[in-house]
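The first residue of the sequence shown is numbered 1, and numbering continues consecutively from there. Scope of the values below: all heavy atoms of this structure, side chains included, with no hydrogens, waters or symmetry mates.
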Amino acid sequence: MDPPKLPVTRLDVDVDLGFVLFFFTLLCFFLLVTIVRCAQMVLDPYSAVSVSTYQEEQTEE
């Protein structure tokens with residue numbers, strides 16, 4: 001008699017779907033970071049300019 005077979009616990013994973021989901025998640029993350037960064041620049045545009053550059057532009061006038 002053969003011993004009873006244990007159920008296989010390995011999940012059948014589609015590798016292509018895994019790559020797609022990984023890169024889609026990565027794309028969404030970078031999109032979110034870009035949106036937040038752009039929103040910060042719209043709300044406070046002078047925070048992105050260094051103080052020394054701003055002072056040089058002011059003294060040239």
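Residues Phe19 and Val15 are in side-chain contact: their nearest non-hydrogen atoms beyond the backbone lie under 4.5 Å apart.
Counting Ile, Leu, Val, Met, Phe, Trp and Tyr side chains that sit under 4.5 Å apart, directly or through other members, Leu21 shares a hydrophobic cluster with Leu17. Side-chain heavy-atom separations under 4.5 angstrom define the hydrophobic clusters, and Phe24 shares its cluster with no other residue.
Under the 4.5 Å side-chain contact rule for hydrophobic residues, Val20 and Phe29 do not share a cluster. At a threshold of 4.5 Å between side-chain heavy atoms, the hydrophobic network of Ile, Leu, Val, Met, Phe, Trp and Tyr places Val42 and Leu31 in two separate groups.
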Phe30 vs Leu26, test: side-chain contact (heavy atoms from CB on, under 4.5 Å). Steps then yes/no.
CA-CA 6 Å; Phe30 283 123; Leu26 195 64; 3.7 Å; yes
